[in-house]
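This structure is a prediction, so every number in the text was calculated from the model and none was measured. Every number for a ligand or one of its atoms is a count from 1 in the order of the listing. The chain is numbered in sequence order, starting from 1.
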Amino acid sequence: MKRLAVFTMAVISTGFLATAEYAGAIDTYTVGDAASGIASSRHNLGATGFFTITSNTTEICVFCHTPHHANRDGGIKPLWNRFSANSAAFVAYGPTMADELITGSVIGSSSLACLSCHDGIVTFDSLINAPGKAGVTQTGTDRGWDFYDFSGRTADYITDPSLSIGRDLSNDHPISVPYNEFTAGLRPMDTIISDIDLADGLNVGALQFGSGNLDRNLWAVMGYISDEATIRDLLRVTDGQLRVECASCHDPHFNNKSWTEVDYTYGEGVQNQRFETNGLFLRRVGGNSASGLCRTCHNK
Ligand code: HEC
Ligand code: HEC
Ligand code: HEC
Ligand code: HEC
């Protein structure tokens with residue numbers, strides 16, 4: 001019954017939004033939509049991808065996951081198929097203004113996962129379990145594959161300075177920081193995300209912006225666009241505490257096509273696939289329009 005209700009709602013609202021849509025063909029997403037699209041995103045590094053790719057496999061998930069023989073170093077999950085530097089290799093944020101001390105030893109598993117490419121060091125093909133019968137190495141050997149982008153042969157690690165986060169995390173939003181309510185203006189953990197009114201106090205025009213995403217405040221959680229998720233669902237457990245990790249703000253599978261602003265800054269108006277963004281894989285529908293992503297956690 002519930003499924004049917006969600007479906008009907010989706011049809012009604014899609015019908016409505018179709019008329020309100022503008023030329024930029026921005027996806028508006030409705031509750032229950034899948035947070036999918038990795039195949040056409042920059043995170044498809046296999047032969048079927050569009051951006052940085054290799055001809056050595058058509059598999060997509062293999063660059064991050066494997067069904068067997070996964071990496072267990074430092075408790076890394078889920079079913080991680082890559083070599084990953086352990087947390088001692090990273091410089092952490094240090095003390096926050098609220099005096100929460102973040103040290104390298106607690107960098108959480110899902111952040112180590114992203115950083116096993118976005119440190120700008122580990123190569124894309126440093127795989128544990130290679131496709132098919134090409135072999136298992138628990139240390140994640142570089143498979144010696146060549147990678148190509150639109151300009152020809154390219155490096156097999158992240159070179160773009162803005163996409164390379166590096167191993168010094170002291171200049172990034174605190175990662176692996178516990179979510180302590182009553183610091184930094186943080187909302188209670190059990191706040192239902194879609195109940196937060198992000199348009200409150202803004203110029204009325206903000207209500208129409210991005211098909212009203214500030215009003216709806218929908219986020220991708222567990223692979224679906226949800227209106228029931230709470231802030232708690234964005235957090236990940238490390239050392240027995242709920243913390244903010246890379247995956248709190250980003251979903252690496254969600255080719256988020258709902259953020260006009262970031263498309264313009266990347267594309268400079270050129271309708272060319274290579275310039276298109278994946279909405280920076282942000283979990284929020286509308287990305288960080290009107291800083292809606294930041295203001296979902298911080299009541300500022
Ligand atoms: C670029 C790396 C990357 C690729 C490629 C990738 N994943 Fe993931 N996946 C992750 C990370 C990181 C997490 C943990 C995210 C989190 O904590 O929410 C994850 C979590 C998951 C989860 C559990 C959480 C959820 O969102 O449902 C599933 C299921 C999953 N991946 C399936 C897949 C499948 C199937 C593919 C291939 C079609 C794939 N992934 C490709 C990085 C990747
Ligand atoms: C608190 C939320 C948050 C966390 C945690 C977070 N990011 Fe981001 N990230 C963002 C936002 C928002 C942007 C878009 C910034 C902009 O407008 O360009 C972004 C952008 C990026 C970019 C594109 C480069 C840029 O700055 O525009 C990369 C790559 C990235 N993040 C990777 C990561 C990785 C890896 C981690 C974990 C080490 C991480 N992010 C943790 C919110 C976050
Ligand atoms: C297997 C390697 C790999 C892993 C693991 C990985 N990424 Fe990426 N990511 C890439 C590559 C390659 C690009 C595209 C680089 C380019 O265009 O030069 C990219 C691009 C991005 C971008 C920019 C997308 C855009 O809109 O242009 C963001 C943001 C990002 N990744 C975040 C993450 C986060 C967060 C995680 C973990 C949840 C993660 N990535 C895990 C390889 C990876
Ligand atoms: C998933 C929830 C979440 C999101 C989204 C989020 N933050 Fe945070 N932020 C936190 C937590 C938790 C802390 C740590 C508070 C503490 O000191 O205990 C924090 C701390 C901060 C701090 C203080 C750092 C210090 O040294 O004390 C700033 C500034 C900040 N965030 C800005 C931002 C901005 C800007 C964005 C959007 C790009 C953002 N946050 C998005 C949860 C979040």
Inset, instruction - Please confirm whether Phe124 and Tyr157 have ring centers closer than 6.0 angstrom. - result: no
Inset, instruction - Below 4.0 angstrom from a heavy atom of Pro78, which ligand 1 atoms are there? Numbered from 1 as shown, please. - result: 13 (C), 14 (C), 19 (C), 20 (C)
Inset, instruction - Run the contact test for Phe51 against ligand 3 with a 4.0 Å cut-off on heavy atoms, strictly below, and give the result. - result: no
Inset, instruction - Return the option from Gly108, Ala35, Cys64 holding the heavy atom at the smallest distance from atom 3 (C) of ligand 1. - result: Cys64
Inset, instruction - Would you mind checking which non-hydrogen protein atom is closest to atom 12 (C) of ligand 2, with the distance to 0.1 Å? - result: Asn288 ND2, 3.8 Å
Inset, instruction - Give a yes or no on whether the backbone of Ser211 and the side-chain of Thr28 come within a donor-acceptor separation of less than 3.5 Å. - result: no
Legend entry - Closest protein heavy atom to atom 34 (C) of ligand 3, given as residue, atom name and distance to 0.1 Å: Cys114 SG, 3.5 Å
Legend entry - Min N/O separation Ser116 to ligand 3 under 3.5 Å: no
Inset, instruction - Indicate, as side chain, backbone, both or neither, the part of Lys77 found under 4.0 angstrom from ligand 1 when only non-hydrogen atoms are considered. - result: neither
Inset, instruction - Under 4.0 Å from a heavy atom of Ile38: give me the atoms of ligand 1 that qualify, with their elements. - result: 4 (C), 5 (C), 6 (C), 41 (C)
Legend entry - Donor-acceptor side-chain pairing of Arg284 and Asn217 below 3.5 angstrom: yes
Inset, instruction - List the closest protein heavy-atom neighbour of atom 10 (C) of ligand 3: residue, atom name, distance to the nearest 0.1 Å. - result: His43 CD2, 3.4 Å
Inset, instruction - Return the residue, atom name and 0.1 Å-rounded distance of the protein heavy atom closest to atom 4 (C) of ligand 2. - result: Cys249 SG, 3.4 Å
Inset, instruction - Tell me which protein heavy atom sits closest to atom 1 (C) of ligand 3, plus the residue, atom name and distance to 0.1 Å. - result: Cys117 SG, 2.8 Å
Legend entry - Donor-acceptor pair between Asn278 and Asn255 side chains, under 3.5 angstrom: yes
Inset, instruction - Show the numbers, then the answer: is there a ring-ring contact (aromatic ring centres under 6.0 Å, His included) between Phe254 and Tyr29? - result: CA-CA 12 Å; Phe254 182 29; Tyr29 301 107; 5.1 Å; yes
Inset, instruction - Mark the output for Ala113 as yes if a heavy-atom distance to ligand 3 is under 4.0 Å, and as no if none is. - result: yes
Inset, instruction - Note the single closest protein heavy atom to atom 40 (N) of ligand 3, along with its residue, its atom name and the distance in Å. - result: His118 NE2, 2.7 Å
Inset, instruction - Examine ligand 2 and decide if any of its atoms is less than 4.0 Å from a heavy atom belonging to Trp259. - result: yes
Legend entry - Side chains of Ser164 and Asp160, donor plus acceptor under 3.5 Å: no
Legend entry - Candidate list Asp73, Ile107, Asp119, test side-chain contact (heavy atoms from CB on, under 4.5 Å), partner Leu112, passing option: Ile107
Legend entry - Identity and distance of the protein heavy atom lying nearest atom 41 (C) of ligand 2: Cys246 CA, 3.6 Å
Legend entry - Heavy-atom nearest neighbour in the protein, as seen from atom 29 (C) of ligand 3, with distance rounded to 0.1 Å: Leu280 O, 3.2 Å
Inset, instruction - Go through the side-chain N and O atoms of Arg82 and Ser126 and say whether any donor and acceptor fall under 3.5 Å apart. - result: no
Legend entry - Identity and separation of the nearest protein heavy atom to atom 5 (C) of ligand 2: Glu245 O, 3.5 Å
Legend entry - Charged tip of Arg153 within 45° of Tyr148 ring normal and under 6.0 Å: no
Legend entry - Short side-chain donor-acceptor distance under 3.5 Å, Ser289 and Asn213: yes
Legend entry - Test item: Trp259 and Leu282 side chains (from C-beta on) under 4.5 Å apart, heavy atoms: yes
Legend entry - Identity and distance of the protein heavy atom lying nearest atom 13 (C) of ligand 2: Leu282 CD2, 4.2 Å
Inset, instruction - Using a 4.0 Å heavy-atom cut-off, say whether Arg82 meets ligand 1 through its side chain, its backbone, both or neither. - result: neither
Legend entry - Within-cut-off N or O pair, Thr52 and ligand 3, under 3.5 Å: no
Inset, instruction - Would you please determine whether Ser248 falls within less than 4.0 Å of ligand 2 on a heavy-atom basis? - result: no
Legend entry - Distance from atom 17 (O) of ligand 3 to nearest protein heavy atom, with residue and atom: Arg42 NE, 3.2 Å
Legend entry - Backbone or side-chain N/O/S of His250 under 2.8 Å of atom 8 (Fe) of ligand 2: yes
Inset, instruction - For atom 28 (C) of ligand 3, grab the closest protein heavy atom and report residue, atom and distance to one decimal in Å. - result: Phe281 CD1, 3.6 Å
Inset, instruction - Examine His253 and say whether one of its N/O/S atoms is closer to atom 8 (Fe) of ligand 1 than 2.8 Å. - result: yes
Inset, instruction - Using distance alone, determine whether Asp251 and ligand 1 share an N or O pair under 3.5 Å. - result: no
Legend entry - Asp172 near ligand 2 by a heavy-atom separation under 4.0 Å: no
Inset, instruction - Using side chain to side chain donor-acceptor pair (under 3.5 Å) as the criterion, point out the one residue from Arg236, Glu245, Arg243 that pairs with Ser176. - result: Glu245
Inset, instruction - Quick one: look up the protein heavy atom nearest atom 23 (C) of ligand 3 and list residue, atom name and how far away it is. - result: Leu163 CD2, 3.7 Å
Legend entry - N/O separation below 3.5 Å, Trp80 to ligand 1: no
Inset, instruction - Provide, to 0.1 Å, the distance between atom 25 (C) of ligand 2 and the closest protein heavy atom, together with that atom's residue and name. - result: Ser162 O, 4.2 Å
Inset, instruction - Evaluate the 4.0 Å heavy atom contact test for atom 20 (C) of ligand 1: does a protein atom fall under the cut-off? - result: yes
Legend entry - Salt-bridge contact Glu276-Lys257 (side-chain N to carboxylate O under 4.0 Å): yes
Inset, instruction - Give the residue and atom name of whichever protein heavy atom lies nearest to atom 9 (N) of ligand 1, and the separation in Å to one decimal. - result: His65 NE2, 2.7 Å
Inset, instruction - Considering heavy atoms of the protein only, find what lies nearest to atom 38 (C) of ligand 1 and give residue, atom and distance to 0.1 Å. - result: Cys61 SG, 2.6 Å
